Amino acid sequence: MPELPEVETVCRGLAKTLEGRKIVNVTVRRRDLRVPLPKNFEQVLRGRKIHRITRRAKYILMHLDGGHVLIIHLGMSGSLVLYDKKPTHWRKHDHVIFEFSPFMLLAFHDPRRFGLMALGTEKTLEKNKLFTGLGPEPFDKKLGAVFYPLLHIAKAPVKSVIMDQQRIVGVGNIYACEALFASHIHPKRPANKVTAKEAALLLASIRKTLKEAIKSGGSTLRDYVRSSGDAGYFQHRFCVYGRKGEPCVTCKTPISVIRQSGRSTFFCPHCQK
DNA sequence: CGGTAGACCTGACCGC
DNA sequence: TGCGGTCAGGTCTACC
């Protein structure tokens with residue numbers, strides 16, 4: 001499901017509801033997520049209070065008592081759904097259920113199981129294998145100074161470079177397509193052929209696209225909904241993603257789709273050079 | 001080393 | 001109705 005805006009939306013929704021509540025029970029219905037849940041998973045979490053919920057890259061971090069951190073990644077198809085009363089039955093692929101006090105339930109739902117949940121601690125978070133090597137956040141002020149150099153030393157297609165979480169985090173397939181369209185840059189252009197001026201525009205476009213998507217509550221494709229059960233709305237504002245053959249919003253040329261390292265790339269062959 | 005193809009997994013959808 | 005093919009918002013690994 002989710003790129004940065006969707007994860008950010010989920011985080012904000014969960015923070016509002018869950019911060020200050022205590023985990024009183026954890027029920028694991030399936031342990032073999034992308035990374036198998038550790039043996040002590042339930043035992044470590046039970047009885048701990050959630051102090052804060054934050055995000056790093058596409059990871060959700062629940063900061064708990066005693067410096068423990070619950071790390072969650074939603075993969076492609078994961079979602080976290082809140083319930084204020086017990087549903088009559090759990091859905092297929094509701095793999096982990098949390099119960100809180102004051103009463104609330106949270107289900108981790110993930111049909112494809114590309115998502116994961118892991119335990120960490122505040123002290124070791126930086127050195128956690130999931131986080132070492134992650135690039136800067138797109139809204140990091142320091143990124144301005146390093147973004148062009150980072151493109152300049154890579155000769156892979158610019159689209160795969162901005163999707164590389166080692167160089168900049170949070171940009172996935174949808175927002176990569178959208179940001180490149182907004183910058184008039186062809187997705188196949190080698191990154192080192194992007195000029196300094198274009199790089200500045202591209203970074204600004206990435207930030208603007210992500211920011212507006214967050215404002216719209218993320219994008220709802222297929223069955224993804226926010227934890228509240230509401231859908232996001234940004235999908236209605238896609239300029240290129242999923243619009244193969246439809247007219248470009250600026251020049252009316254039909255939108256093209258190509259395959260880049262296994263992913264669909266949508267772009268306007270007239271506006272993007 | 002940098003870059004790319006394939007693997008991981010399930011479900012939805014389309015054409016026959 | 002059923003079957004096979006294709007596609008899906010992300011990472012990780014194996015290989016050139």
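Computed from a predicted structure; not experimentally measured. Letters A, B, ... are given to chains in the order of the sequence lines, protein chains preceding strands, and every chain is numbered from 1.
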Base C:dA8 to side chain A:R112, donor-acceptor N/O within 3.5 Å cut-off
yes

Side-chain heavy-atom pair A:L61, A:L125 within 4.5 angstrom cut-off
yes

Separation of the P atoms in C:dA14 and B:dC9, to the nearest angstrom:
15 Å

Is the phosphate of C:dT11, meaning OP1 or OP2, less than 4.0 Å from a side-chain N or O of A:Q165?
yes

Establish, with yes or no, whether the OP1 or OP2 oxygen of C:dG10 is under 4.0 angstrom from a side-chain nitrogen or oxygen of A:H73.
no

So, for A:F266 and A:F238, is the gap between ring centers shorter than 6.0 Å?
no

Please write out the pairs of protein N or O atoms and N or O atoms of nucleotides 2-4 of chain B separated by less than 3.5 Å, giving the distance to one decimal.
residue: B:dG3; atom: OP1; partner: A:K155; partner atom: N; Å: 2.6
residue: B:dG3; atom: OP1; partner: A:A156; partner atom: N; Å: 3.2
residue: B:dG3; atom: OP2; partner: A:R167; partner atom: NH2; Å: 3.4

Mind jotting down which residue pairs meet the side chain to side chain donor-acceptor pair (under 3.5 Å) criterion with at least one end in residues 92-101 of chain A? Sequence neighbours excluded, please.
A:D94-A:H109

By salt bridge (charged side-chain N to carboxylate O under 4.0 Å, His left out) - contacts of A:E198 (at least two apart)
A:R189

Quickly work out the [X] [atom1] to [N] [atom2] distance and round it to whole Å.
{"X": "A:K58", "N": "C:dT11", "atom1": "NZ", "atom2": "C1'", "answer": "9 Å"}
{"X": "A:R34", "N": "B:dC9", "atom1": "CZ", "atom2": "C1'", "answer": "12 Å"}
{"X": "A:M163", "N": "C:dT11", "atom1": "CE", "atom2": "P", "answer": "8 Å"}
{"X": "A:I258", "N": "B:dA5", "atom1": "CD1", "atom2": "P", "answer": "12 Å"}
{"X": "A:F114", "N": "B:dT10", "atom1": "CZ", "atom2": "P", "answer": "9 Å"}
{"X": "A:F131", "N": "C:dC12", "atom1": "CZ", "atom2": "P", "answer": "11 Å"}
{"X": "A:H93", "N": "C:dA8", "atom1": "NE2", "atom2": "P", "answer": "20 Å"}
{"X": "A:E3", "N": "C:dG10", "atom1": "CD", "atom2": "C1'", "answer": "9 Å"}

Provide the full list of salt bridge (Lys or Arg N to Asp or Glu O under 4.0 Å) pairs with a residue in [range], sequence neighbours left out, each pair given once.
{"range": "residues 33-44 of chain A", "answer": "A:R31-A:E42"}
{"range": "residues 124-140 of chain A", "answer": "A:R55-A:E137, A:R56-A:E137"}
{"range": "residues 245-254 of chain A", "answer": "A:R243-A:E246"}

Exactly one candidate in A:P269, A:C248, A:C271 meets side-chain contact (heavy atoms from CB on, under 4.5 Å) with A:I255; the answer is A:C248

From C-beta outward on [X], which listed nucleotide comes closest to its side chain: [options]?
{"X": "A:S264", "options": "C:dC7, C:dC12, B:dC9", "result": "C:dC7"}
{"X": "A:R113", "options": "B:dT10, C:dC12, C:dG10", "result": "B:dT10"}
{"X": "A:R259", "options": "C:dG10, C:dC7, B:dT10", "result": "C:dC7"}
{"X": "A:K92", "options": "B:dG11, C:dG10, C:dC7", "result": "B:dG11"}

Categorize A:G172 for me: base, sugar-phosphate, or nothing, with a 4.0 angstrom heavy-atom threshold over every strand shown.
sugar-phosphate

Residue pairs involving residues 179-213 of chain A (criterion ring-ring contact (aromatic ring centres under 6.0 Å, His included); sequence neighbours excluded)
A:H186-A:F267

Pull out every stem in DNA chain C, meaning runs of 3 or more consecutive Watson-Crick or G-U wobble pairs with both distances under 3.5 Å.
B:2-8 with C:10-16, B:10-16 with C:2-8

Scan the side chains in residues 149-163 of chain A for donor-acceptor partners under 3.5 Å anywhere in the protein, sequence neighbours excluded, and list what turns up.
residue: A:H152; atom: ND1; partner: A:Y148; partner atom: OH; Å: 3.2
residue: A:K159; atom: NZ; partner: A:N173; partner atom: OD1; Å: 2.6
residue: A:K159; atom: NZ; partner: A:T265; partner atom: OG1; Å: 2.8
residue: A:S160; atom: OG; partner: A:P157; partner atom: O; Å: 3.0

